[in-house]
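Here's the structure, in structure tokens; my notes come after.
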Amino acid sequence: MSYNAFSQGCSDAGFCSLGVLKNNTNDSVTLRNKKHVIDIGANYGLGEQNTSTINSYLEYLFNVNSWLSFQSKLTATYASGFLGSNFDIGDLYETVNYAPKQNSGNKLAFVAGVKIPLSRSNDKNSDGKSLPLDYQASIGTYDVITGLNYVVNKKWEFDAAVQVPVVQVNQNSYSPAEFSDPRVLKFVPTNDFKRKSDLLGRLGYYFYLQKDNVSVKPSLSLIYHVGEDSYVNIAGRRAAIIGSRGLTVNGSVVVTKNFNNGNRFEVVAEAPFKTRKVRPDGLTRDAVLNLQYSIVF
């Protein structure tokens, strides 16, 4: 189990687990003479006010050659809590990965892509009231994502990335004033929510259990939300959500089991050392466990 895993712009918002930022120095071995990879994954999370979420995803990667690949990712979320339950498709990611040939044992790779929202973040409960973003499957933004991954001697890993919302189609109209339960005050109002960009920096180190064909990578991630998000208040004016800008620091562990046929099984656990004061985008997780199985052919 982990705490706040994939929050503050990770997983749900996208770029921490996308393309070459995802993790695996073994790709050059397991994908030798292979063109296709299908990833099936899901994570269970416990969010604000014990909101339970199951985030599932399906990825397909096509390797053009040893240095160029294209990847598609589709997400969906089921959320349940005291305000009701909701299931919806989330986002579609389309990315390209480029890894120029290196003369040393080091590996440098780049990723660029877009996130396309498949829902408008305004699903409602059984009473027809808009649910907070914690219950929504998408943040409702078209994003541009770029980043790089650099692995030194198959040991040290350095990541840097940026995710920028360029078109915002979020139509969420949640307001705590519509509900009588005092617990809704833990969810900040997000009527016509607008989100700012995120920056990522990450340092990781690989340990290899050669006998078991297992790799273990602990890492430290810094995610900076560059500005304060905003919403339209009851007076019809756009207002900043104070405290939504800031730094999140996460520690994580990724354990990957590689099978002889090239398939992989991956477990991710993560815990925060520091979080933003206010997280209106619904990405807060008190506990998360992520599992993924990859089929290579």
* Is there a donor-acceptor contact under 3.5 Å from the side chain of Glu266 to the main chain of Val254? -> no
* To do: Verify, without hydrogens or angle tests, whether Asn172 (side chain) and Ser121 (backbone) share a donor-acceptor contact under 3.5 angstrom.
  => yes
* To do: Go through the structure and list residues passing salt bridge (Lys or Arg N to Asp or Glu O under 4.0 Å) with Arg238, not counting sequence neighbours.
  => Asp192
* Mind checking salt bridge (Lys or Arg N to Asp or Glu O under 4.0 Å) for Glu48 and listing every partner two or more places apart, or none if nothing turns up? => none
* To do: Check which hydrophobic residues are tied to Leu83 through side-chain heavy-atom contacts below 4.5 Å, counting indirect links as well, and list them.
  => Phe82, Leu131, Tyr135, Tyr174, Phe179, Val184, Phe187
* **Closest heavy-atom pair and its distance - Asn213, Asn258** => ND2-O, 2.7 Å
* Structure fact -> Closest non-hydrogen contact found for Val64 with Lys35 is O-NZ, 2.7 Å
* Decide whether Tyr57 and Asn290 meet the rule of one side-chain donor and one side-chain acceptor closer than 3.5 Å. => yes
* Classify the angle between the aromatic ring planes of Phe158 and Trp156 as parallel (below 30°), tilted (30 to 60°) or perpendicular (above 60°). => parallel
* To do: Apply ring-ring contact (aromatic ring centres under 6.0 Å, His included) to Tyr60 and list each qualifying residue two or more places apart in sequence or on a separate chain.
  => His36
* Asked: For the side chain of Asp127 and the backbone of Lys129, is there at least one donor-acceptor N/O pair under 3.5 Å apart?
  -> no
* **Of Thr141, Thr146, Asp143, the residue whose pairing with Gln163 passes side chain to side chain donor-acceptor pair (under 3.5 Å)** => Asp143
* To do: Please confirm whether the backbone N or O of Ser173 pairs with a side-chain atom of Ser130, one donor and one acceptor, at under 3.5 Å?
  => yes
* Asked: Within the distance-only criterion (no hydrogens, no angle test), does the side chain of Ser221 pair as donor or acceptor with the backbone N or O of Arg202 below 3.5 angstrom?
  -> no
* Would you please name every residue forming a salt bridge (Lys or Arg N to Asp or Glu O under 4.0 Å) with Asp212, sequence neighbours left out? => none
* To do: Test side chain to side chain contact (heavy atoms under 4.5 Å, CB included) on Phe193 and Asp281 and set out the steps.
  => CA-CA 8 Å; Phe193 178 73; Asp281 44 28; 4.2 Å; yes
* Measure from the side-chain N and O atoms of Asn153 to the backbone N and O of Lys155, and report whether any donor-acceptor pair falls under 3.5 Å. => no
* **Contact summary for Ala79 and Thr53, nearest pair of heavy atoms** => CB-CG2, 4.0 Å
* Asked: With no hydrogens and no angle check, is any side-chain donor or acceptor of Ser138 less than 3.5 Å from a backbone partner on Pro117?
  -> no
* What ring-ring contact (aromatic ring centres under 6.0 Å, His included) pairs are there with at least one residue in residues 96-120, not counting sequence neighbours? -> Trp67-Tyr98
